[in-house]
Every structure is written in structure tokens, then in C-alpha cells.
Amino acid sequence: MENYKNKLGNLADKLKQERPATPIQEVIPVKAVPVPNEPEVQFNNRIPKVLLKRLKTFGLEYDESLKDINIQALELYLSHKAKPDETTKNAN
């Protein structure tokens, strides 16, 4: 029992004498925030409740907002379904 107390006492002395080595960390942003180069407009629609829950869960898991997810989904949809000329003609 005394040997145990001596070890604990020595440990406390060592911790007081030695400074802990603190690692130097560099902060790097996880993702760059896109700079909007176009004016934004409001877009409302109704979707099934289950789909909204899935979207929110996905957003939490991957740290993305619902707005970003919607924009990416709509751009992907249009890139597969619409011809490039159609999207630029109807935008004006």
C-alpha cells in the first residue's frame, strides 16, 4: 500500500514539474461557402413528410443545409433531364 502511495506521489510531482506538450493545430475550413453570383428568389413546394425527414437526416449527417441539398438536387435533375439550350432560354 505504501508503494502505491509513493507512486501516486511521484506522479503528482512529475506532472507539476513537466509541462504537457501541446500539439500545434492548424484550422482548415471543411468546405468553402459558395459566393452567390445570382440574385436568389423564394421557392416553396409541398413534399411528403417522410421525404422531408430523410432530407433533414441527410443534412445533419453531412453538415449541409436543406437549401444546399435542394439546389444540388435540382441542378442534378436538370442536367440529366433538360437539354442545355432549354435551361438558358427559359431562364430569361
Side-chain angles (χ1 to χ4, degrees):
M1 189 71 162
E2 289 180 28
N3 190 19
Y4 180 72
K5 288 181 182 179
N6 287 336
K7 284 184 181 179
L8 283 180
N10 291 339
L11 179 63
D13 291 335
K14 284 182 185 178
L15 290 174
K16 288 178 186 176
Q17 291 173 356
E18 296 177 9
R19 278 225 145 110
T22 306
I24 299 174
Q25 297 180 355
E26 183 178 345
V27 178
I28 300 173
V30 177
K31 64 178 182 177
V33 177
V35 178
N37 51 2
E38 297 180 12
E40 294 183 346
V41 295
Q42 188 171 353
F43 177 73
N44 293 326
N45 59 350
R46 295 196 178 273
I47 60 172
K49 192 173 185 177
V50 174
L51 181 59
L52 180 61
K53 285 185 180 183
R54 287 177 55 201
L55 282 170
K56 286 182 178 182
T57 303
F58 181 87
L60 287 173
E61 288 177 9
Y62 293 97
D63 194 30
E64 290 194 44
S65 68
L66 290 178
K67 174 185 170 185
D68 292 339
I69 295 170
N70 285 328
I71 291 171
Q72 291 172 13
L74 291 170
E75 286 177 350
L76 183 64
Y77 179 81
L78 288 175
S79 70
H80 288 293
K81 293 286 185 171
K83 297 176 185 173
D85 295 337
E86 289 179 2
T87 57
T88 55
K89 280 185 203 174
N90 296 333
N92 296 332

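What you see is a predicted model, and the numbers here were worked out from it, not measured in a lab.
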(request) Starting at CZ of Arg54, measure out to CD1 of Ile69 and round the result to the nearest 0.5 Å. (result) 11.5 Å
(message) I need the Ser79 OG to Leu74 CG distance, nearest 0.5 Å.
(response) 11.0 Å
(request) Determine, stepwise, if the pair Phe43 / Asn70 fulfils side-chain contact (heavy atoms from CB on, under 4.5 Å). (result) CA-CA 10 Å; Phe43 177 73; Asn70 285 328; over 6 Å; no
(message) Apply side-chain contact (heavy atoms from CB on, under 4.5 Å) to residues Leu76 and Gln72 and explain how you reach the verdict.
(response) CA-CA 6 Å; Leu76 183 64; Gln72 291 172 13; over 6 Å; no
(message) Quick check: is Leu66 connected to Ile47 through a chain of hydrophobic side chains (ILVMFWY, heavy atoms under 4.5 Å apart)?
(response) yes
(request) Look at the side-chain heavy atoms of Ile, Leu, Val, Met, Phe, Trp and Tyr, link any pair under 4.5 Å apart, and say whether Leu60 and Ile71 land in one connected group. (result) no
